[in-house]
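Atom set for the values below is all heavy atoms of this structure, side chains included, hydrogens, waters and symmetry mates excluded. Convention: sequence-line order gives letters A, B, ...; per-chain numbering from 1.
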Number of protein chains: 2
Amino acid sequence: MSVPARATSPSGSGSRPAARQPAPRAAPPAARAATRADVARHAGVSTAVVSYVVNEGPRRVAPETAARVRAAVEALDYSPNVAARALRMGSSEMLGLVVPDITNLFFAELAHAVESAAAEHGFLVTLASSGSDVDLERELVADLAGRNADGLMVSTVLTPEALTALPAPRRPTVLINVSAPFAGYAAVGSDARQGAYDLVEHLLGTHGHTSVALVIGESTERLPEPRERGFVEAFAAHGLPPGPVVRTAFSRTGGYDAVRRILAWRHRPDAIFLSSDQQASGAYRAVREAGLECPDDVALIAYDGTSQSAFSWPPLTVARQPVEAMARAALQAVLDPVNAPAHQQLPTELVVRRSCGCPSPPSPTA
Amino acid sequence: MSVPARATSPSGSGSRPAARQPAPRAAPPAARAATRADVARHAGVSTAVVSYVVNEGPRRVAPETAARVRAAVEALDYSPNVAARALRMGSSEMLGLVVPDITNLFFAELAHAVESAAAEHGFLVTLASSGSDVDLERELVADLAGRNADGLMVSTVLTPEALTALPAPRRPTVLINVSAPFAGYAAVGSDARQGAYDLVEHLLGTHGHTSVALVIGESTERLPEPRERGFVEAFAAHGLPPGPVVRTAFSRTGGYDAVRRILAWRHRPDAIFLSSDQQASGAYRAVREAGLECPDDVALIAYDGTSQSAFSWPPLTVARQPVEAMARAALQAVLDPVNAPAHQQLPTELVVRRSCGCPSPPSPTA
DNA sequence: TTGAAAGCGCTAACAA
DNA sequence: TTGTTAGCGCTTTCAA
């Protein structure tokens, strides 16, 4: 059997001609990794001692023995087999996070916040995205649990019914980004009702608008959707009938399509409330394409408030989700399940920028 | 031993005040998971048989025995301990992916593509982000390897020197999103030089611009940065001296700051080439804030072409990175390291939209 | 202060 | 067709 010629692609490195070297090693086939036994042998100690020095406990080791072990570790480039330790300990210093779509900036930022918070406690987090697929979500959760994840945080796409039908999870599990608690799970989310209320109230109160449309996605959560509730309540507080509601996908195109439709109505609303930053992104495009100006022709507001929202033009007025706080709360709940509240609902922050009609803040850091 | 009462948490329909109920079970403390031995006992067979059934091999099992086993699995809600299997097999059907910043849409889309491609081969991918921290990246890679990841894909923030100084990785490792091969690693990236060339040539050729500024980040890669090379070469092809180069962070604020500076120059360039979508996002804001119009006052083009770029206004002309192809190539390389080319450089796609001055495509799907 | 050894859950070679 | 069992790399109790 001849080894297939290792075609090095013409790496158009401007200066040097493409390397046509004698088979640059592409990816080293795994040389067997050193084990704790190898290190012990090399250092002339028992495997227990190696453990003690690697883990700095639970027994003391004579300084010079420890030094010998460390030298051996160095020499053999030893690194512990995490799977073995996880098996032995039944835990892995690792937490699992499952989100529907990592490509949605909100979830990416949430994941980032969770990672940071976990790192502070010495935990790594394994991130998996379910693509909003119910079966994949289930598989991912089971897999993570089987890897001895010490806890699971999941932004579920399951309905409450499907969720309660599930066998009790093996690991502390918290539902993240949900607006209502579910039996058997700790849950953390943002106060979407209040956030929506604040936003719409700002439009109605400060700007004196009277017609605001809501663009919202289909949620798997218990209805009525909290953002919709907040929307309705804000109108009620002003003695106004609630504005029209358009249901569409929680995506850029969802927002785009919905807003195009809305702008074609006989009576164009004063403002549109997008239920996510993603939808808002589509909304901007639809507004511009229609030759309209925001906020003069239509004001735009949105729920989420990812870092992108400060950079749209005009800058987007949002109810910012408390991403860091949610991450922290979820972590807390997962690390101390016994004392975890059934449901934590964290306040959003109203960030007024220019898309609602207010004067623009000086810079995108605002 | 009493079974802990399964307190169903108060389904907090926002109408009621916060729950102060008697300690609703937040997250069920792990009831010991059923093991293969439990299943065997329950089904009255040996553990081997359970293995055979669960793994559909390597030995045949009598249909009715198998049925009994499956029933037991069901009854005990058994799911295999992945860590144990990984330990035993030295492999885990899991691939590791390390990126600098999952909050950057480009990496999120890359991660998504990798996940999808991996799923087609029955692999899960564990995603970790390094926050562009060199030490964390190292730690993450070691950890993933210790978890018996079957392969690693890393978008490294290490310099080539630091990289070659590393001990040979234990697992097939491919560098993703790099423009040059490194000794000892398979690598895949996009042809950034060509992509940049196409973009700038479009400005120079089609639009007849003569002054284009480049905004680029500090790269850890071997210099000269390929995008910069393509930029320079395009000018050379038109017999023009290369435009000015501004170095800044690969971030929205980086782009914002750089463009603000550029717009304050005595001689404002006809166009600005942003080296990433993130920077472009900042650029838009800077242009608008300066009261300028794109593309009339300044044209904007960028490298990356994430899904967001179709939704800016005006829609952004980009060299789109071949995210899916890179993911596929990386996967291929990791699964078949022996035949992996040292470096694959995949072509970008020039996507002409309106920010360069061309007429707008009809819809964001274009 | 160090070593020997049991056992975490799983797979598969070997035996029955 | 099914059962028995060694051993993957690790931690830790117990003994020396």
Restricting both atoms to N or O, compile the protein contacts to nucleotides 12-16 of chain D shorter than 3.5 Å, with distance only.
| residue | atom | partner | partner atom | Å |
| --- | --- | --- | --- | --- |
| D:dT13 | O4 | A:Tyr52 | OH | 3.1 |

Review point. Is B:Pro169 close to B:Tyr185 at the side-chain level, that is, under 4.5 Å between some pair of heavy atoms?
Key: yes

Exercise for review: Under 4.0 Å from any atom of DNA chain C, heavy atoms only: list the residues of residues 64-83 of chain B that qualify, in numerical order.
Suggested key: B:Tyr78, B:Pro80, B:Asn81

Practice item. Whole angstrom is fine here: how far is it from CZ in B:Arg41 over to P in C:dC10? Key: 12 Å

Practice item. Quick one: list whatever passes side-chain contact (heavy atoms from CB on, under 4.5 Å) with B:Ser132, sequence neighbours left out. Key: B:Pro100, B:Val157

Point to revise | Least distance between heavy atoms, B:Ala128 atom then B:Leu140 atom | key: CB-CG, 3.6 Å

Review point. What is the distance, rounded to the nearest whole Å, between atom CG of B:Asp38 and atom P of C:dC8?
Key: 11 Å

Check your understanding: Which listed nucleotide (D:dG9, C:dT1, C:dG9) is nearest to the side chain of A:Ala62?
Key -> C:dT1

Check your understanding: A:Arg170 has an atom CZ; how far is it from atom C1' of C:dG9, in whole Å?
Key -> 13 Å

Check your understanding: Would you say A:Thr35 and A:Asn81 make side-chain contact, with heavy atoms under 4.5 Å?
Key -> no

Review point. Whole Å only: how far is the CG atom of A:Asn148 from the P atom of D:dC10?
Key: 15 Å

Practice item. Output all residues satisfying side-chain contact (heavy atoms from CB on, under 4.5 Å) with B:Arg68, sequence neighbours left out; order by chain, then residue number. Key: B:Val45, B:Thr65

Practice item. In plain terms, say whether A:Arg70 and A:Glu64 are close enough for a salt bridge, that is, a side-chain N and a carboxylate O under 4.0 Å apart. Key: no

Check your understanding: Roughly how many Å is it from CZ in B:Arg60 to C1' in C:dA12, rounded to a whole number?
Key -> 18 Å

Exercise for review: Write down the distance between CD (A:Glu56) and P (D:dT11), rounded to a whole number of angstrom.
Suggested key: 13 Å

Practice item. Measure the shortest side-chain to side-chain distance between B:Arg59 and B:Ser51 over non-hydrogen atoms and say whether it is less than 4.5 angstrom. Key: no

Exercise for review: Figure out the CG/C1' separation between B:Leu87 and D:dC10, and round it to whole Å.
Suggested key: 8 Å

Review point. Taking only residues two or more places apart in sequence or in another chain, which ones pass side-chain contact (heavy atoms from CB on, under 4.5 Å) with A:Ala330?
Key: A:Met153, A:Val174, A:Ile176, A:Val188

Check your understanding: With side chains defined as the heavy atoms from C-beta onward, is the minimum distance between B:Leu144 and A:Val82 less than 4.5 Å?
Key -> no

Exercise for review: Specify the angle, to 10°, made by the local axes at the two ends of the helix from C:dT1-D:dA16 to C:dA16-D:dT1 when five pairs are taken at each end.
Suggested key: 40°

Check your understanding: Would a distance-only check, ignoring hydrogens and angles, find a side-chain to backbone donor-acceptor pair under 3.5 Å from B:Asp150 to B:Ser92?
Key -> yes

Review point. Can you tell me if the side-chain N/O atoms of B:Arg85 get under 4.0 Å from OP1 or OP2 in C:dT11?
Key: yes

Review point. With side chains defined as the heavy atoms from C-beta onward, is the minimum distance between A:Phe123 and A:Met94 less than 4.5 Å?
Key: no

